[in-house]
Amino acid sequence: MSAQIIDGKAFAATVREKVAGHVARLKEEHGITPGLAVVLVGEDPASQVYVRSKGKQTVEAGMNSIEHKLDADTSEEDLLAIVDQLNNDPAVHGILVQLPLPGHLNEDLVINSIDPAKDVDGFHISNVGLLGTGQKSMVPCTPLGCLMMLRDHHGSLSGMDAVVIGRSNIVGKPMAQLLLGDSCTVTIAHSRTKDLPDVVRRADIVVAAVGRPEMVPGDWIKEGATVIDVGINRIERDGKNKLVGDVDFASATERAGAITPVPGGVGPMTIACLLANTVTACCRANGLAEPEGLTA
Ligand code: GUN
């Protein structure tokens, strides 16, 4: 049997529509326009593409987009001064410092200098701690997008066995916290995990976030499991450039009950959730009710 395809592109479009609706209401009823500031240091081509896309979608949702593009040799002091200025600007509700930063800049120091209430990436140590203790926080965008798709597909996730492959601070760890928050039994697997195939075979939900092209073959997937593929890997095959996930899609669709494709699965959800987090941050900053269905 072939798995149901979870269409992240379509799902992201519905999230963006909801965001745009909330933005319109914030403007009409409260005279507030949410603002998202993105800081890009240097000229990493992938980061430039992301930042352009973020800016475009922010404006399309009716929000203000503020961009700071800084030279690769910007000093830590100058970068921290810009973050401080954004922290104190009431028109800015969300701040994102694009990663990776050039090597001479301390990423942890910079991220932790962002006002946690404006940290729409959910990377600040305060937000990490709040999420880990089940308190209201800003939630990292990619795991939030995965959670939204899982909830939409299953309704309740309570009692399900979930395996997250990958232990990054951006995806693996927060994903595990979110699944635990929804009462899954969660395993975090990684490069040192013993007998990874058997660990994956037990899972009702598999979230693959390792960044290794097609490393999870279909015969690791339990019959009927839901597979969320976070990987976006560029490979060359038959002389052509191709995007593939961390899961071997062709064989996994024969076993899974549902699966996200690459491209068109998790990818589009990340920016949609960034917009959702910006609206959430704006509502919290103004003491207004948070948008329903757009937070964890
Ligand atoms: N670089 C790649 N993905 C991300 C992301 O989600 N947030 C930030 N700040 N940088 C990134």
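Reckoned from all heavy atoms, side chains included, excluding hydrogens, waters and symmetry mates. The shown structure was predicted, so the numbers you read here are calculated from the model rather than taken from an experiment. We count ligands from 1, going down the list as the structure has it; atoms in each ligand are counted the same way.
For ligand 1, the atoms sitting less than 4.0 Å from at least one non-hydrogen atom of Leu96 are 9 (N), numbered in the order shown with element in parentheses.
Although no hydrogens or angles enter the test, the distance criterion places a donor-acceptor pair under 3.5 Å between the side chain of Asp229 and the main chain of Gly231.
Looking at Asp121 next to ligand 1, an N or O pair under 3.5 Å apart turns up. Residue Pro100 has no nitrogen or oxygen atom sitting less than 3.5 Å from a nitrogen or oxygen atom of ligand 1, judged on distance alone. For a threshold of 3.5 Å applied to N or O pairs, the pair formed by Leu99 and ligand 1 contains at least one separation below that value. Backbone and side-chain nitrogen or oxygen atoms of Gln98 are examined, and one is located within less than 3.5 angstrom of a nitrogen or oxygen of ligand 1.
Members clustered with Leu130: none, using a 4.5 Å side-chain heavy-atom cutoff among hydrophobic residues.
Under 4.0 angstrom from ligand 1, the non-hydrogen atoms of Val97 all belong to its backbone.
In summary, Glu290 and Arg284 engage in a salt bridge, as defined by a charged side-chain N under 4.0 Å from a carboxylate O.
Checking Lys54 against Gln98 by side-chain atom types alone, a donor-acceptor pair falls below 3.5 Å.
Atom OG1 of Thr142 sits about 12.5 Å away from atom CD1 of Ile228, to the nearest 0.5 Å.
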